[in-house]
There are 2 protein chains.
Amino acid sequence: MAPAQLSRSLIKNLDLFRSLPDAELDAALEKAQVCRLAEGDAAFRQGEVANRFFVLLHGHLKVVQTTPDGEQVVVRYVSPGDVFGIARAMRRTHYPASTLAVEESLALSWQSSEWDHFIASNPYFAANALQTVGQRLQDAHTRIQELSTEEVEQRVARALLRLVDQSGERTEEGILIKFPITRQDIAEMTGTTLHTVSRLLSAWKDRGLVVSGRKRIVVCSLNDLIRLAEGPHNPVAGVPSVERPA
Amino acid sequence: MAPAQLSRSLIKNLDLFRSLPDAELDAALEKAQVCRLAEGDAAFRQGEVANRFFVLLHGHLKVVQTTPDGEQVVVRYVSPGDVFGIARAMRRTHYPASTLAVEESLALSWQSSEWDHFIASNPYFAANALQTVGQRLQDAHTRIQELSTEEVEQRVARALLRLVDQSGERTEEGILIKFPITRQDIAEMTGTTLHTVSRLLSAWKDRGLVVSGRKRIVVCSLNDLIRLAEGPHNPVAGVPSVERPA
DNA sequence: CGTCCCGTTGATCCCTATCAAATGTAGTGG
DNA sequence: CCACTACATTTGATAGGGATCAACGGGACG
């Protein structure tokens, strides 16, 4: 089974599966279903019955929640190695959000009922899951704090930094965010509008902090971006405009 | 051990402990420490090593996160029966927030290391914990959505409704929130200022939606409040509008 | 009875959403 | 290869929701 072979080495290093014995792991892979997603495809949609859970092998997905009146919020981006769609493990019967491929992607999926088998076959599995969800909860609280107390510029700066941290790749120009992302996406991550994000990125581009194009962002000066994220309290008077070359 | 006797019937009905056999439950209670808190006392503070986890028996607590520059966010209120301080279960070594009594309260606590024993003695325990944390994650996402897409008035209305739902008590005047809560608290729950909350409550009072005083809020017209929470001027569904041009 | 909190209310300002258009860029099919 | 289309991005103008600044009023508690 080619895809299983391919994914085995990937899978066995994931947080979630780390403590699973090899035999169990192989048994698990037997039952897994390969899931190919073209750009724009959904692994599942908000409101559907949570029949399956997933591990991303390749590509990038975004998790999106839609409000009753049609507004969208980007919950998070999924990178290779991440688990997603585990609603059922928290005893939720339906997916609370949609998960869409932002580029061509590849995932494995299991029947939700398999979850219990995983837990039964390894006592640490549940604890690992708890840690994963705990991390997400922490992230969510951080975001609530930012939305409650910070200004738009700080929030967008932080969002960029997080993206860089999650999927940044060094290039000639600076650190590139490795998957396609629009102004609108960033707006939905930070609780603002695409217009404001565009203005901010333009201003930053003028200052040499970033380079950006269609669905593409490169961070040139991490340090300056970090300073923006810290807050506007910094007295900007007399800042030397001389850039330090790398 | 009197307090243990007193709390036994309470404990055994909690989600988290529901599946623990009676013998185990008694053993657990043996190891528990009683924790009395006067108004304003902290069960623990943000940044401390997460040595213990808790169950609230009586009273009400608020969980507060403080930002580097001193601003506060109310994460949630804890009601009797709720578990709190379980950071360690998610492999976090330090508490991410402080938990303060808003009135005289009583809790049980265990050494964090006991957590593993609980899990070992009952396979469902971890799953229950996962469900609890999953619920909190869901709540956090709801709040992110509200902060991102809704206006202050809606958010405050929703916060009130949640408080009513969590700790409302029918009285002559309407539904009373059973614990002391200030304008500032509500502001920290909704990402606004005490001034704006005060203005809103005043306006609502004039319209007969609420009655409120010092640290005290009574909701008189639930329905009107629900309408406010839905949105400012939502188009009513079912209006026969002609909007499909050929 | 004074003091500390908590709550109320006015005036002002500014950040940012909103409205409106134009420009730019990838993809597609002829 | 180019016209055509769909979607991303940029940028200006404007308005308004709330934050901020500033005082004052009022109830609780020592």
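Just so we're on the same page: letters track the sequence lines, and every chain starts at 1. Atom set for the values below is all heavy atoms of this structure, side chains included, hydrogens, waters and symmetry mates excluded. Bear in mind that the values here come from a model prediction, so they are computed numbers and not experimental data.
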Visitor: For the side chain of Ser198(B), counting heavy atoms from C-beta on, which of dA13(D), dT10(D), dT9(C) is nearest?
Guide: dT9(C)
Visitor: What's the verdict on side-chain contact (heavy atoms from CB on, under 4.5 Å) for Met90(A) and Gln138(B), showing C-alpha distance, side-chain angles and the deciding distance?
Guide: CA-CA 10 Å; Met90(A) 307 172 210; Gln138(B) 176 95 342; over 6 Å; no
Visitor: Once you round it to whole Å, what is the distance between P of dC4(C) and CD of Gln184(B)?
Guide: 19 Å
Visitor: Mind checking Ser202(B) for me? I need base, sugar-phosphate or nothing, with any heavy atom below 4.0 Å counting as a touch.
Guide: sugar-phosphate
Visitor: For dT16(C), does either OP1 or OP2 sit under 4.0 Å from a side-chain N or O belonging to Thr192(A)?
Guide: no
Visitor: Check the orientation of Phe44(A) and Phe54(A). Use parallel for under 30°, tilted for 30 to 60°, and perpendicular for over 60°.
Guide: tilted
Visitor: Within this structure, what is the CD1-to-P distance between Ile181(A) and dT9(D), rounded to whole angstrom?
Guide: 10 Å
Visitor: When the distance from CD of Glu39(B) to C1' of dC5(C) is rounded to whole Å, what number comes out?
Guide: 12 Å
Visitor: Measure distances between side-chain N and O atoms of Arg214(A) and base N and O atoms of dT10(D), and say whether any donor-acceptor pair falls under 3.5 Å.
Guide: no
Visitor: On DNA chain C, does the nearest nucleotide to Thr182(B) precede the nearest nucleotide to Arg199(B) from the 5' side, or the other way round? Give the residue.
Guide: Thr182(B)
Visitor: How many Å lie between CG on Leu147(A) and P on dC15(C), as a whole number?
Guide: 19 Å
Visitor: Select one nucleotide: of dC19(C), dT8(C), dA19(D), the one nearest the side-chain heavy atoms of Thr196(B).
Guide: dA19(D)
Visitor: CG of Leu194(A) versus P of dG24(C): gap in Å, rounded?
Guide: 18 Å
Visitor: Should Ile177(B) and His60(B) count as side-chain neighbours, where that means a heavy-atom distance under 4.5 Å?
Guide: no
Visitor: Any donor-acceptor pair under 3.5 Å joining the side chain of His195(A) to the base of dT11(D)?
Guide: yes
Visitor: Given atom CG of Leu201(A) and atom C1' of dT11(D), what is their separation to the nearest angstrom?
Guide: 14 Å
Visitor: What's the CH2-P distance between Trp204(B) and dG7(C), to the nearest Å?
Guide: 15 Å
Visitor: Under 4.0 Å between a side-chain nitrogen and a carboxylate oxygen: does that hold for Asp224(B) and Arg207(B)?
Guide: no
Visitor: Check every atom of dT18(C), dA8(D), dT8(C) against the side chain of Thr193(A) and return the nucleotide holding the closest atom.
Guide: dT18(C)
Visitor: List the steps and the verdict of side-chain contact (heavy atoms from CB on, under 4.5 Å) for Thr190(A) and Thr196(A).
Guide: CA-CA 11 Å; Thr190(A) 53; Thr196(A) 298; over 6 Å; no
Visitor: Of the listed nucleotides (dC15(C), dC6(C), dT9(D)), which one gets closest to any side-chain atom of Glu151(A)?
Guide: dC15(C)
Visitor: For dC7(D) and Lys215(A) - does any side-chain N or O of the residue sit under 4.0 Å from the phosphate oxygens OP1/OP2?
Guide: no
Visitor: Expressed as a whole number of angstroms, how long is the span from Lys205(A):NZ to dT9(D):P?
Guide: 10 Å
